[in-house]
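Whatever order the structure lists ligands and atoms in, that order sets their numbers, starting from 1.
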Amino acid sequence: MIPRNPDTEKLALVMVGLPARGKTFISRKIARYLSWLGYRARVFNVGDYRRALAGPKQRAQFFDPHQAQHYETRLGIAFGALSDMIAWFRAGGEVGIYDATNTERNRRERVYETLRAEGIQVVFVESICEDESVVEANVRDNKLRSPDYADVEPEEAVRDFRERIAYYESTYEPLDDPEKSYVKLIDVGRQFVVNRLEGYLSARLIFFLMNIHPARRPIWLTRHGECRFNVDERIGGDTELSARGSEYAKSLAKLVNEQGQSKDMVVWTSTLKRTLQTAESLHKTPVAWRALDEIDAGVCDSLTYAEIKAQLPDEYAARAQDKFRYRYPRGGSYADVIQRLEPVIVELERQRSPVLMIAHQAVIRALYGYLMGRPQDECPYLPVPLHTVIALTPTAYGYEERRYQLEPHI
Ligand code: F6P
């Protein structure tokens with residue numbers, strides 16, 4: 001886990017921005033990243049509250065700031081969500097992300113005061129798009145699929161959504177209070193304005209925010225082909241691929257070509273022979289990351305699980321007790337793997353090309369856990385068999401998964 005912010009235990013990120021500016025995309029990415037690192041982080045999306053409380057199919061007029069009744073209803077919903085977030089903080093939440101438009105100064109002030117009264121540090125995160133094409137793409141790619149517009153003709157939905165944006169624009173007051181902590185993200189990464197940011201975690205989040213982007217590209221994960229130690233059921237080591245493992249390497253290259261990924265795909269491996277050999281048939285120069293090396297089994301390296309149980313029964317039992325935190329003597333734990341993968345994740349977010357990562361069981365579990373937003377304690381048990389490609393295709397806020405089983409026929 002990355003060190004706690006020394007200034008505060010509780011941090012609220014309050015999103016600000018017109019509709020279709022990527023606030024939900026940013027909120028979910030941050031929550032997934034922090035949860036993966038071990039923080040209790042959660043998004044409170046006011047749109048979801050609105051759909052649940054006021055019905056899913058509100059048209060643009062509902063957002064007209066001059067219609068007092070609707071305005072009050074929306075305000076009530078927004079502060080209801082904030083109360084839930086505060087209750088969650090009281091119950092041990094650490095980083096709450098308040099995902100709403102918060103485009104009016106008055107409302108932001110009230111949100112700020114409410115959170116500060118609870119001793120919660122507040123950072124505003126405003127997303128601004130000056131590039132109309134980004135807004136247009138966001139409306140078409142994400143908003144038309146929203147439950148708000150189920151059963152509405154696309155052109156009508158776009159027209160209505162634009163009207164909704166115009167209502168928000170009519171009362172929009174961008175962040176400008178020099179006393180508050182805030183970040184402005186302008187045109188997804190083109191420009192950043194950072195004001196009065198304090199603390200380790202906030203700085204860490206800015207670094208993350210500077211690397212994420214909404215460009216969609218597939219991410220493929222696979223373990224190396226079967227190696228000699230897999231055949232002998234030994235863990236760790238640095239052995240060569242078996243004949244079956246080499247067969248898998250060829251099938252993998254064929255799949256990459258067939259799926260039309262070969263041209264731009266970037267290949268990342270660990271520094272161990274079995275991943276480098278698996279990459280060979282792809283005829284690309286892989287980037288070999290030490291951070292992608294398998295979990296370090298320390299004194300248990302090269303043993304079978306049966307040998308560990310017989311020779312080091314206490315270690316075996318301790319691992320069974322808490323597989324996520326258990327650290328092999330002179331080796332590592334799953335928690336250590338996540339910590340060392342953090343720069344890989346930031347680089348992965350930054351990349352705009354498709355990426356194929358060839359690594360190892362524990363490492364693929366940790367990467368998959370991040371990408372699919374799985375809780376830490378599930379991570380050591382996620383099924384990641386040999387000779388299987390996990391192809392992840394981005395969707396609006398996550399990934400769609402397809403698995404290709406390429407079991408060698410020898
Ligand atoms: O058995 C293959 C392997 O990659 C080992 O090198 C590694 O120790 C193990 O899998 C990780 O899986 P688990 O955490 O389930 O022991």
**Request:** Determine whether the aromatic ring centres of Y98 and F44 lie less than 6.0 Å apart.
**Result:**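 Y98 vs F44: aromatic centres not under 6.0 Å.
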**Message:** Just checking Y328 against Y326, ring centres under 6.0 Å apart?
**Reply:**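 Centroid distance Y328-Y326: below 6.0 Å, so yes.
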Is there a donor-acceptor contact under 3.5 Å linking the side chains of [X] and [Y]?
{"X": "Q361", "Y": "E294", "value": "no"}
{"X": "H360", "Y": "T275", "value": "no"}
{"X": "R365", "Y": "Y334", "value": "yes"}

**Message:** Just to be sure I understand the cut-off, which residues have at least one non-hydrogen atom under 4.0 angstrom from an atom of ligand 1?
**Reply:**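 Residues near ligand 1: R223, N230, I235, G236, E294, I295, Y305, R319, K323, Y334, Q361, R365.
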**Asked** For K254, which residues count as a side-chain contact (heavy atoms from CB on, under 4.5 Å) partner, sequence neighbours excluded?
**Response**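 If we apply the side-chain contact (heavy atoms from CB on, under 4.5 Å) test to K254, skipping adjacent residues, the hits are E258.
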